[in-house]
Structures are given as C-alpha cells and as structure tokens.
Colleague: 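Sharing a structure with you now.
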Amino acid sequence: MNSDTPVADQTDHPGEPVAVVAAGAIPWRVTKGALEVLLIHRPRYDDWSWPKGKLDAGETVPECAAREVWEEIGLQAPLGIPLPAIHYQVAAGLKVVRYWAVKVNGAQLRPDGKEVDSVMWCSPDRAASFLSNPTDVEPLEYLEKAHVRGELDTWPLVLIRHAKAKPRSSWTKAEGDRPLAATGQRQAVAVQRLLEVWKPQRVVTSPWARCVATIAPYAKASGAKVKLVEALTEHTHQRSPKKTAAAVEALFDKQVPIAVCTHRPALPTALKQLGQHMSQALRNLLPSSDPYLSPGEVIVCQVARGSERKVVSVEQVKPFDD
C-alpha cells in the first residue's frame with residue numbers, strides 16, 4: 001500500500017479524479033478482554049465519526065492522520081495498521097479518506113471542544129450503529145477482524161533509504177564521508193516529520209555520513225537511541241550480504257518501534273529479509289526493482305505484538321518533497 005497514493009482503492013469510482021484527500025484514525029483499546037473503539041461527536045455536523053481531517057499543505061497522508069488525532073482528541077500515539085480507505089461524493093467531487101488504527105494506552109484524551117465536543121468508547125457493534133456515514137463502517141470491520149486474528153496490536157519497523165547525497169563523481173574523499181546534498185538535508189527534515197508518525201524509540205543506521213545525517217534530525221528531536229551498525233554499509237554488504245541480512249533480522253529482537261537506515265545497494269537484501277516474515281500477498285507489495293526506494297523514502301512494516309516476528313501490513317511512503 002503506497003500511502004502517497006490516495007486513489008489506491010477506488011473500486012466504486014474507477015478512474016475518477018480525487019477532489020478532496022483526508023486522513024484519520026480509529027482509536028482503540030482492550031478493556032477486560034473486550035475490544036472498544038472511540039467515536040467522536042462533531043457539533044458542526046451533529047454527527048458521530050472517527051477523528052479525521054483534510055491534508056494541510058506540505059504534509060503526507062500519514063502525517064495528516066497523526067495530526068488530526070492530536071488536534072481533535074489530544075492523543076499522540078504511533079499509527080498502527082492501515083485500514084481500508086473510504087470514498088464518497090462531496091460538493092467538490094470525490095473525497096477519499098485514509099484511515100489507520102491507533103492504540104490508546106491509557107492516555108488522557110482531550111477533545112478540542114470546538115471540532116469535537118464529546119467522545120464515546122463503545123463496542124464495534126454499537127459504534128457501527130452510531131456512525132453517521134455508513135461508509136465509515138468498512139474500516140471498523142477491518143479493524144475488528146484484525147483484532148480477532150491477533151493482528152491489531154502491532155509495533156512499527158521502518159526501513160529508510162538515506163536522503164539524497166552529493167554525487168559520487170564530485171566526491172574525492174572517503175566514500176563513507178560523502179555528505180548529503182542540499183536537497184538531501186531538506187529531505188532529512190521531511191524524514192523527521194514522517195518518522196514522528198510511527199515514533200520509533202530506536203534507530204539503527206549505517207555509520208556512513210549520509211545515513212547518519214538522514215536520521216539525525218529525528219534522533220535529535222525525539223531522543224531516540226541510535227546504534228551504528230557496520231553491516232548496513234555498502235562495503236560490508238558488498239563483501240557479505242549475510243551480515244546485512246542478520247542486522248535486519250536483529251531489528252525484531254527487542255519488539256519495540258524501530259527504524260533502520262541504509263543504502264540503495266543494500267535494499268534488496270533488507271527487503272528480502274523482511275519478506276521472510278510476511279505473507280506472499282504482502283511480499284508482493286514490496287518494491288522489487290532498482291532503485292527500490294527513492295532517497296528518503298520509507299517502508300513501514302507493522303509487526304504483530306507477541307507474534308513470532310510476523311509482519312501484518314506493509315506501506316511505502318515518500319516524505320513530503322518541497
């Protein structure tokens with residue numbers, strides 16, 4: 001699933017251009033063994049729905065979803081699995097809303113009072129009966145089925161290709177010291193905003209300058225722990241792809257949100273290793289031809305918590321490119 005492409009699933013509106021793009025999330029929790037979801041009431045429309053809103057200029061679709069959840073109910077939590085997008089007609093034309101699941105871990109919610117005047121925790125069945133827009137039921141049903149499968153409670157593993165570096169042809173010093181280009185420095189800031197969506201607590205990176213500089217803005221802003229791993233460099237990958245694969249496999253060890261930054265030549269090895277932990281259907285979503293990812297682009301794998309390293313969703317997202 002490419003989170004940059006809001007027209008991903010338009011079965012009812014084939015080929016129709018999207019006039020309005022919005023994003024949001026379904027907040028969820030488990031209380032005494034029972035799944036509950038959070039509905040919001042919007043006084044402007046006097047309706048019950050999920051936290052959502054339109055894209056702001058300069059943000060990606062996942063960033064929009066995370067921002068709306070924060071603005072409307074005061075929740076800062078990493079996005080979980082992607083849910084089906086919904087489409088419906090508005091005055092401007094076709095509107096698409098992308099949704100994610102978001103786990104509420106006992107956080108105190110704070111409705112903004114203007115856009116949202118009340119919230120209600122309830123069972124999925126009760127939520128379905130309250131939703132004002134019937135199309136909002138589809139992502140809810142998907143979320144509930146994921147819960148039954150044990151694939152709703154997840155943690156994110158984010159694979160990053162470093163941002164744009166200065167050209168090899170214009171660099172005469174050590175390859176590991178080749179820095180980011182000016183464009184790459186801007187991309188690194190965009191990568192920071194993107195990573196805030198999934199909030200990795202740990203970052204594992206090639207120690208080469210261009211990888212370190214790509215993750216530096218996020219590491220500085222978030223306080224995430226950074227580990228330099230030689231096996232993620234181009235040189236080590238060229239000599240021993242098995243070492244690179246082992247470094248990727250080790251990302252699963254601590255079962256906490258994590259990001260890994262490496263180089264284009266190492267991407268096929270990293271993707272192949274991640275692919276061993278997912279279904280064929282999800283493997284088909286992974287990029288399979290060079291350059292695999294553009295500079296600064298990410299693959300987000302959601303891993304089922306408590307599972308044997310089972311990846312249950314895959315998204316490919318480009319940071320906002322100014």
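Computed from a prediction, not measured in an experiment: that's the story for all the values here.
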Colleague: Flag this pair as yes if the NZ/CZ of R110 is under 6.0 angstrom from the six-membered ring centre of W70 and inside a 45 degree cone about the axis; otherwise no.
Modeller: yes
Colleague: So, do C211 and H263 sit near enough that their side-chain heavy atoms are less than 4.5 Å apart?
Modeller: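 Counting from C-beta outward, C211 and H263 do come under 4.5 Å.
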Colleague: I'd like to know if E71 and R67 make a salt bridge, using a cut-off of under 4.0 Å between side-chain N and carboxylate O.
Modeller: yes
Colleague: Decide side-chain hydrogen bond (donor to acceptor under 3.5 Å, both in side chains) for W100 and E315; before the verdict, give the C-alpha distance in whole Å, the side-chain angles of both, and the deciding distance to 0.1 Å.
Modeller: CA-CA 11 Å; W100 281 262; E315 302 169 83; 2.8 Å; yes
Colleague: If you define the side chain from C-beta out and look only at heavy atoms, does anything of W155 sit under 4.5 Å from P78?
Modeller: no
Colleague: Any donor-acceptor pair under 3.5 Å linking the side chain of R264 with the backbone of R161?
Modeller: no
Colleague: Testing the basics here: between V212 and S206, what is the closest heavy-atom pair and its distance to 0.1 Å?
Modeller: CG2-O, 3.6 Å
Colleague: Which pairs would a plain distance check flag for residues 24-41, meaning a side-chain donor or acceptor within less than 3.5 Å of a matching protein atom at least two apart in sequence or in another chain?
Modeller:
| from | atom 1 | to | atom 2 | distance (Å) |
| --- | --- | --- | --- | --- |
| R29 | NE | T31 | OG1 | 3.3 |
| R29 | NE | E36 | OE1 | 2.7 |
| R29 | NH2 | E36 | OE1 | 3.0 |
| T31 | OG1 | E36 | OE1 | 3.0 |
| H41 | ND1 | D117 | OD1 | 2.8 |
| H41 | NE2 | D46 | OD1 | 2.7 |

Colleague: Any side-chain donor-acceptor pair under 3.5 Å between S123 and D125?
Modeller: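 D125 and S123 do not have a side-chain donor-acceptor pair below 3.5 Å.
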Colleague: Is it true that K310 and E151 make a salt bridge, defined as a side-chain N closer than 4.0 Å to a carboxylate O?
Modeller: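 Judged by the 4.0 Å cut-off on N to carboxylate O distance, K310 and E151 do form a salt bridge.
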Colleague: Please work out whether the ring planes of F252 and H277 are parallel, tilted or perpendicular, with thresholds of 30° and 60°.
Modeller: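 Rings of F252 and H277: tilted, 30 to 60°.
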Colleague: Hey, is E72 close enough to R42 for a salt bridge, meaning N to O under 4.0 Å?
Modeller: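 Judged by the 4.0 Å cut-off on N to carboxylate O distance, E72 and R42 do not form a salt bridge.
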Colleague: Okay, side chain of T60, backbone of P319: is any donor-acceptor separation there less than 3.5 Å?
Modeller: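 Here the side-chain-to-backbone pair does not exist.
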Colleague: Where the side chain of S279 meets the backbone of L282, is there a donor-acceptor pair that is under 3.5 Å apart?
Modeller: yes
Colleague: Does the T244 side chain pair with the main chain of A231, one donor and one acceptor, at a distance under 3.5 Å?
Modeller: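 At least one qualifying donor-acceptor pair exists.
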Colleague: Under 3.5 Å, which donor-acceptor pairs link side chains of residues 218-229 to any protein atom two or more places apart or in another chain?
Modeller:
| from | atom 1 | to | atom 2 | distance (Å) |
| --- | --- | --- | --- | --- |
| Y218 | OH | P200 | O | 2.7 |
| S222 | OG | Y218 | O | 2.7 |
| S222 | OG | A224 | N | 3.1 |

Colleague: Are E175 and R178 ion-paired here, with the side-chain N under 4.0 Å from a carboxylate O?
Modeller: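 Between R178 and E175 there is a salt bridge, with a charged N closer than 4.0 Å to a carboxylate O.
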Colleague: For L79, is there any backbone N or O sitting under 3.5 Å from a side-chain donor or acceptor partner on Q302?
Modeller: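 Yes; at least one donor-acceptor contact below 3.5 Å.
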Colleague: For the backbone of L232 and the side chain of T236, can you confirm whether one donor and one acceptor N or O come within less than 3.5 Å of each other?
Modeller: no
